[in-house]
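Just below is one structure, and these are the notes that go with it.
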Amino acid sequence: MMNLQLNDPSLLIDRILVNGDWQNTSNTFAVDNPATEKVIAHVASAGAQEPEAAVAAAAEALLGWKQRTAKERANLMRRWFELMMENQEDLSRILTAEQGKVLAEARGEIAYGASYIEWFAEEAKRVYGDTIPEPAKDRRIVVIKQPVGVVACITPWNFPNAMLTRKIAPALAAGCTVVCKPASATPLSAFALAKLSQQAGIPKGVINMVTGPSSKIGPVLTSHPAIRKVTFTGSTKVGKSLVAQCATTMKKTSMELGGNAPFIVFEDANLDAAIDGLMFSKYRNSGQTCVCVNRVLVQDGIYQVFVEKLVAAVTARLKLGNGTEKNVTMGPLISEKAAVGVDRLVQDSVAQGARIAIGGRRSNLGSCFYEPTVLVDVDNDMPVAREEVFGPIAPIIRFRAEEEAIRIANDTQVGLASYFYTRDIGRVWRVSEGLEYGIVGINEGAISNEMAPFGGVKESGSGREGSKYGILDYLEIKSLCMGGI
Ligand code: NAP
């Protein structure tokens with residue numbers, strides 16, 4: 001394994017976690033650093049047998065975990081949160097090495113990921129039931145909420161830490177146990193997180209982690225009768241296939257899928273604030289977040305000046321490079337394949353009439369790097385507007401009227417995050433209500449934290465993570481009807 005100069009080198013783990021044991025397997029796969037293209041570790045690759053064992057361990061551990069009081073679970077989770085923050089620097093180094101985002105962003109992700117554990121440790125104690133009036137005089141109805149059971153968590157590579165904690169934290173708080181399958185590109189952050197859960201005293205079998213080919217692990221998780229829920233963050237295509245697989249055993253599902261976020265700038269907006277919001281929401285994580293701006297809609301009268309300001313900001317504020325280097329503000333994409341795909345979207349759109357204002361090509365820093373890009377003269381039918389870009393490309397579309405902006409914004413099959421900038425209070429309400437999205441940023445580019453519900457509509461999925469609503473996805477409602485009173 002590569003030396004990542006960690007304060008606690010034992011956090012760098014290359015084995016899977018089943019029933020509290022870190023296990024080797026007969027096969028391994030390489031995890032590399034997208035900035036340097038060097039191998040960090042060869043990680044254990046599970047077949048079908050290890051996920052079966054992990055599910056059995058989670059089912060066994062469920063019996064004890066769900067019977068603990070909410071306060072006991074909360075105290076263990078609180079300790080886990082503290083350990084994450086105490087080890088923030090090591091967790092960030094592992095994250096940057098395998099994922100590529102700059103170290104400052106990795107630190108932010110660890111704090112963000114930890115905040116879900118802190119929040120749901122608190123929410124564990126607030127799983128309230130109801131008493132309901134009964135039509136008959138001698139009966140009463142009481143509603144209790146219980147954990148759904150063993151949960152499978154399948155997560156992507158773009159937030160290797162936070163996408164896991166957003167699932168594991170509400171699951172554990174509710175009294176569920178989990179089998180996690182982190183993305184193959186970024187398993188090391190997941191293992192380090194699990195190691196800290198052991199140090200916090202979370203019992204064996206409550207959290208299991210298996211890595212390897214999704215073709216072997218996926219079918220076990222979607223068909224095993226002991227798994228009662230599958231929670232997934234990833235692409236819409238894979239999400240649809242998982243929901244179909246889960247239908248055969250009627251598992252509950254939560255799906256956090258892809259987006260195509262519009263960012264609308266009206267003529268009355270504070271343009272400098274809009275530029276700041278766009279720079280954050282477009283280029284962080286090199287454009288690889290599900291809530292990243294995908295289309296920038298700018299009103300006619302300010303189009304030219306806005307483009308000039310954006311190009312100036314990209315030139316002044318973004319420095320591409322290895323995320324561990326000082327002054328670097330944007331890292332590589334996750335893989336060479338991703339860089340090739342982003343370039344294809346750009347070149348296909350240019351062939352259809354878009355113009356490159358800045359960037360528009362792969363960088364010579366390495367095969368995974370793509371230059372921050374602004375495209376102008378884009379229309380909503382071009383590939384860069386139709387597809388989820390997942391790269392540092394800002395395609396600018398011109399509009400004239402408010403209704404036209406809402407129509408263009410909603411002209412997509414997905415609906416996760418959206419943003420708009422205006423200082424007109426009437427417009428704030430009209431546009432907020434008109435946008436078919438689960439999340440709306442109003443004069444704000446940073447829209448996610450543990451206290452706000454996160455999730456999409458249309459083909460962006462179902463369920464909500466974070467907030468007081470997040471734990472409901474991991475609870476069953478049981479109605480108790482008492483007679484003879
Ligand atoms: P992905 O290809 O769908 O993969 C996500 C996870 O699913 C990975 O662990 C992957 O494993 C696994 N997987 C792939 N095919 C599978 C199958 N047939 N059965 C079971 N598991 C399977 O997505 P990605 O490229 O990693 O992530 C990017 C996508 O995630 C984007 O669309 C983005 O918008 C979305 N996303 C959504 C949110 C949200 O909250 N809505 C947040 C972040 C990202 P392998 O790695 O082994 O292939």
Side-chain angles (χ1 to χ4, degrees), residues 16 29-31 43 45-46 48 51 98-99 101 109 112-113 116 152-167 179-190 209-224 227 230-246 251 253-261 284-294 333-335 337-338 341-342 387-391 412-418 437-439 447-448 452-466 470 473:
I16 60 173
F29 62 96
V31 175
V43 165
S45 179
E98 65 177 348
Q99 201 272 344
K101 67 180 61 175
E109 179 179 340
Y112 173 71
Y116 284 90
C153 311
I154 305 177
T155 51
W157 47 264
N158 61 345
F159 287 90
N161 178 288
M163 294 304 101
L164 270 173
T165 61
R166 285 209 313 204
K167 298 178 182 334
V179 177
C180 305
K181 195 219 99 48
S184 298
T186 56
L188 304 171
S189 295
M209 293 266 168
V210 285
T211 49
S214 49
S215 57
K216 293 202 173 127
I217 301 171
V220 176
L221 301 185
T222 54
S223 68
H224 199 296
I227 289 190
V230 172
T231 170
F232 171 75
T233 298
S235 60
T236 299
K237 184 169 164 246
V238 172
K240 286 179 182 175
S241 136
L242 294 176
V243 170
Q245 292 170 43
C246 287
K251 296 189 195 319
T253 57
S254 290
M255 294 285 139
E256 293 288 351
L257 309 178
N260 182 347
R284 103 191 138 103
N285 203 9
S286 306
Q288 305 171 108
T289 89
C290 53
V291 293
C292 267
V293 172
N294 214 62
L333 297 180
I334 188 67
S335 63
K337 191 170 162 228
V342 166
E387 292 183 36
E388 188 183 28
V389 177
F390 246 56
T412 168
Q413 288 308 310
V414 290
L416 185 58
S418 57
Y437 287 83
I439 308 165
I447 37 96
S448 176
F454 188 104
V457 302
K458 295 160 79 176
E459 292 188 13
S460 285
S462 60
R464 291 293 179 271
E465 294 190 328
D473 281 14

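Indexing begins at 1, ligand by ligand and atom by atom, following the structure's order. For the single chain, residues carry numbers from 1 onward in sequence order.
- The protein heavy-atom contact nearest to atom 7 (O) of ligand 1 is F232 CE1, 3.2 Å.
- Contacts with ligand 1 closer than 4.0 Å are made by side-chain heavy atoms of E388 only, the backbone lying farther away.
- Looking from atom 18 (N) of ligand 1 to the surrounding protein, the closest heavy atom is V238 CG1, 4.4 Å.
- With hydrogens and angles disregarded, a donor-acceptor distance shorter than 3.5 Å links the side chain of R464 to the backbone of G456.
- Residue contacts with ligand 1, taken as heavy atom pairs separated by less than 4.0 Å, involve R166 solely via side-chain atoms from C-beta onward.
- Looking only at heavy atoms of the protein, atom 41 (N) of ligand 1 is closest to L257 O, 2.8 Å.
- Relative to the six-membered ring of F454, R166 meets both conditions, a distance below 6.0 Å and an angle of at most 45° to the axis.
- Of the heavy atoms in P182, only backbone atoms (N, CA, C, O) come closer than 4.0 Å to ligand 1.
- Remark: ligand 1 atoms within the under-4.0 Å shell around heavy atoms of T233 are 5 (C), 36 (N), 37 (C), 38 (C), 39 (C), 40 (O), 42 (C), 43 (C), 44 (C).
- Among Q288, E98, M163, the single residue meeting the side chain to side chain contact (heavy atoms under 4.5 Å, CB included) criterion with W157 is Q288.
- Looking only at heavy atoms of the protein, atom 19 (N) of ligand 1 is closest to L242 CD2, 3.7 Å.
- Contacts between L416 and ligand 1 below 4.0 angstrom, taking non-hydrogen atoms only, involve the side chain exclusively.
- Side-chain atoms of N294 come within 3.5 Å of backbone N or O of E387 as a donor-acceptor pair.
- Judged as a ring-ring contact (aromatic ring centres under 6.0 Å, His included), and not counting sequence neighbours, the contacts of Y116 are Y112.
- Of all the listed residues (A417, G234, P213, G258), G234 holds the heavy atom that lies closest to atom 35 (C) of ligand 1.
- Within ligand 1, the atoms closer than 4.0 Å to a non-hydrogen atom of N158 are 43 (C), 44 (C), numbered from 1 in the order shown.
- The shortest N or O to N or O distance between W157 and ligand 1 is below 3.5 Å.
- Taking each of F29, F390, F159 in turn, the one with a heavy atom nearest to atom 28 (C) of ligand 1 proves to be F390.
- Scanning all protein heavy atoms for the shortest distance to atom 11 (O) of ligand 1 gives K181 NZ, 3.1 Å.
- Counting only heavy atoms of the protein, atom 39 (C) of ligand 1 lies nearest to C290 SG, 3.2 Å.
- Distances from atom 4 (O) of ligand 1 to the protein include no heavy-atom value under 4.0 Å.
- Checked by distance only, ligand 1 and G218 stay at 3.5 Å or farther apart across all their nitrogen or oxygen atoms.
- Nearest to atom 48 (O) of ligand 1 among the protein's heavy atoms is S214 OG, 4.1 Å.
- A side-chain donor-acceptor contact under 3.5 Å links T165 to the backbone of G113.
- Heavy-atom contacts of S184 reach the following atoms of ligand 1: 45 (P), 46 (O), 47 (O) (cutoff under 4.0 Å).
- By the 6.0 Å and 45° rule, K181 does not stack over the aromatic ring of F232.
- Salt bridge E256/K167: absent, no basic N to carboxylate O contact under 4.0 Å.
- Partners of S241 according to the side chain to side chain donor-acceptor pair (under 3.5 Å) rule, which considers only residues two or more places apart in sequence or in another chain, are Q245.
- Of the polar atoms of T155, at least one N or O is found under 3.5 Å from an N or O of ligand 1, judged by distance alone.
- For a threshold of 3.5 Å applied to N or O pairs, the pair formed by S235 and ligand 1 contains at least one separation below that value.
- Judged by distance alone, with hydrogens and angles left aside, the side-chain atoms of S460 form a donor-acceptor pair with the main-chain N or O of L416 at under 3.5 Å.
- A donor-acceptor distance shorter than 3.5 angstrom exists from the side chain of K101 to the backbone of N158, with no hydrogens or angles considered.
- Across L257 and C290, no two heavy atoms sit closer than the pair O-CB, 4.2 Å.
- Atoms of ligand 1 found under 4.0 Å from any heavy atom of M163, numbered from 1 in the order shown, are 42 (C), 43 (C).
- Looking only at protein heavy atoms, the nearest one to atom 12 (C) of ligand 1 is I154 CG2, 3.7 Å.
- Checked by atom type and distance alone, the side chain of S418 pairs as donor or acceptor with a backbone atom of I439 at under 3.5 Å.
- By the 6.0 Å contact criterion, NZ on K216 is open, its count of non-hydrogen atoms from other residues, nucleotides or ligands being 12 or less.
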